[in-house]
Amino acid sequence: MEDFFEDKIQSVRNDFPILSRSIYGKPLVYFDNAATTQKPNLVIDAISNYYRNDNANVHRGVHYLSQHATGAFEDVRKKVAAFVNASSPNEIIFTRGATEAINLVAWSYCETFLEAGDEIIVSALDHHSNIVPWQMACERKGAFLKVIPVSEEGELNLEVLETLLNSRTKMLAISHISNTLGTINPIAEIVVMAHSKNIPVFVDGAQGLSHGPVDVQKIDCDFYAFSAHKMYGPMGIGGLYGKTSWLEKMQPYQLGGEMIDKVTFAKTTFNEIPYKFEAGTPNVADVMGFGAAIDYLNSLGWDFITRQEQDLLHYATEKLSGIEGVKIYGTSKHKAAIVSFAIEGIHFFDAGTILDHLGIAVRTGNHCTQPLMEVFGISGTLRASMAFYNTRQEVDRLIAGIYSVKSLFA
Ligand code: PMP
């Protein structure tokens, strides 16, 4: 059994300087990609190049550097729009990441459209970032939060969803891919269900954009949130796709800076979209890094990425299933390369700590999905989340590590 594209993977790994470092004297195995992915040289260089050569505030200057920075900043907006197939770059708003994008809509949309007695639907497998902002909006407005249940396999119960959608529902907010279980939700199908009752759909795409192509027009979702740092780009930058018709009607989230049109003490008017939602000086350097990350992903191509990740997912699932006492949580047929598991009789923190000392980085805990942990009646799991730069040999190291953990506790 060999990695699909052995030569290509080796050359791809060379693009990521951190992958060649050691942890406690052992070569790093980085299986925490759902928390954040590593960064290729192209991204690191784009950020440092911006500060070395191009740094200036955008949108406000007549001087060369400001104009140059503004052009480069807006070029990345176009690149992001093309990456998700938005119908216009004006439908892309830069935010600090997915969490800020969700908060933006949960505030701006709900301030404009949510009323007492209305309902918002989320699911039992959502990340806290796609639960709490909606929950707080409901509290502010006297509305109700409804929850789509998940099955033992980690799939959404669409029959229950059908019964939840009604004339009081003002938003269906759902994750594209579960960060804990890896389940890929059938979002296009869900959008059809919601739209048949004129209900808009917000997609938390924090895990969605790194594992496969996303076409927001094809999905026909109303909003799609993402974080660059989970797409091999920098931390502190990400964005929101929103349909023009919604963005134009929503009130701004934060105030000041480029989002202003005209200020008098009697009245203030706001800039057009997308600027209406981008208050203050933006994170220009990391936007440059984000643009480089998209170039990088485009250069690799989805065929390579999805084939390698699916191969690792199946290989890891098969190997983990073969270990006595290991239970995998999330067994949907449609999964990204994320495997959550428990080792019978051994606390996930203990197992994670021992694996760490073997140079293997996995995540332990509830993965910001406490309601999902409640569904399974557990307090946490170990989670191995893999990327295209990981290898079967690294999965073998994880498996050997788990045997070491088991023998230490035997
Ligand atoms: N939603 C999901 C499904 C996630 O996995 C994450 C990050 N773990 C978030 C939202 C929040 O993303 P960020 O921390 O980048 O804002």
Side-chain angles (χ1 to χ4, degrees), residues 30-39 43 80 93-107 122-136 147-148 150 154-156 171-187 190 201-212 214 221 223-241 253 277 283 286-287 289-290 293 309 329-330 332 334-340 361-373 375 380-387:
Y30 186 76
F31 279 161
D32 198 14
N33 294 287
T36 198
T37 51
Q38 297 300 347
K39 322 302 172 198
V43 168
V80 176
I93 295 156
F94 287 120
T95 64
R96 284 192 299 127
T99 300
E100 191 176 56
I102 301 166
N103 275 273
L104 187 162
V105 180
W107 175 267
V122 295
S123 88
L125 51 66
D126 278 306
H127 189 279
H128 297 162
S129 290
N130 193 45
I131 297 175
V132 184
W134 303 110
Q135 185 180 42
M136 293 298 124
V147 182
I148 313 168
V150 291
E155 291 180 345
L156 297 177
M171 179 65 83
L172 167 56
I174 190 80
S175 47
H176 187 172
I177 296 179
S178 160
N179 63 305
T180 301
L181 305 179
T183 314
I184 303 173
N185 289 322
I187 45 171
I190 289 172
V201 179
F202 180 98
V203 181
D204 167 7
Q207 300 292 340
L209 276 190
S210 54
H211 295 294
V214 169
C221 55
F223 301 95
Y224 194 100
F226 44 90
S227 289
H229 74 97
K230 295 187 197 281
M231 306 164 58
Y232 311 92
M235 289 187 173
I237 192 71
L240 172 72
Y241 156 79
Y253 176 49
F277 292 104
N283 182 355
D286 289 319
V287 165
F290 190 11
E309 289 189 357
Y329 291 93
S332 170
H334 306 286
K335 276 184 69 170
I338 296 173
V339 189
S340 261
V362 293
R363 186 140 291 246
T364 51
N366 62 51
H367 318 297
C368 296
T369 53
Q370 288 177 28
L372 182 60
M373 296 294 110
V375 169
T381 69
L382 291 134
R383 181 186 72 186
S385 52
M386 294 159 282

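Counting convention: from 1, in listed order, for ligands and their atoms alike. Owing to the predicted nature of the structure, the values given are computational and were not obtained by experimental measurement.
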Could you pull out the N/O contacts under 3.5 angstrom between ligand 1 and the surrounding protein atoms?
residue	atom	partner	partner atom	Å
ligand 1	1 (N)	Asp204	OD1	3.2
ligand 1	1 (N)	Asp204	OD2	2.6
ligand 1	5 (O)	Gln207	NE2	2.7
ligand 1	8 (N)	His127	NE2	3.3
ligand 1	8 (N)	Lys230	NZ	2.8
ligand 1	15 (O)	Ser227	OG	2.6
ligand 1	15 (O)	His229	NE2	2.7
ligand 1	16 (O)	Thr99	N	2.9
ligand 1	16 (O)	Thr99	OG1	2.6

Results of ring pair (Phe, Tyr, Trp, His ring centres under 6.0 Å) for Phe277 - residues two or more places apart only
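Testing Phe277 for ring pair (Phe, Tyr, Trp, His ring centres under 6.0 Å), a comparison that skips the adjacent residues, returns none.
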Look up atom CG in Asp204 and atom NE2 in His176, then write down how far apart they are to the nearest 0.5 Å.
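Rounded to the nearest 0.5 Å, the CG-NE2 separation comes out at 10.5 Å.
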Can you measure from OG1 (Thr180) to CE (Met373) and round to the nearest 0.5 angstrom?
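Reported to 0.5 Å precision, the distance equals 5.0 Å.
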Does a side-chain heavy-atom distance below 4.5 Å link Phe290 with Met231?
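The answer is yes; the side chains approach within 4.5 Å.
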Just checking, is any N or O donor in the side chain of Thr183 or Ser332 under 3.5 Å from an acceptor N or O on the other one?
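Checked: Thr183/Ser332 side chains show no N/O donor-acceptor pair below 3.5 Å.
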His367 and Thr381: side-chain donor and acceptor closer than 3.5 Å?
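Distance-only check passes for His367 and Thr381.
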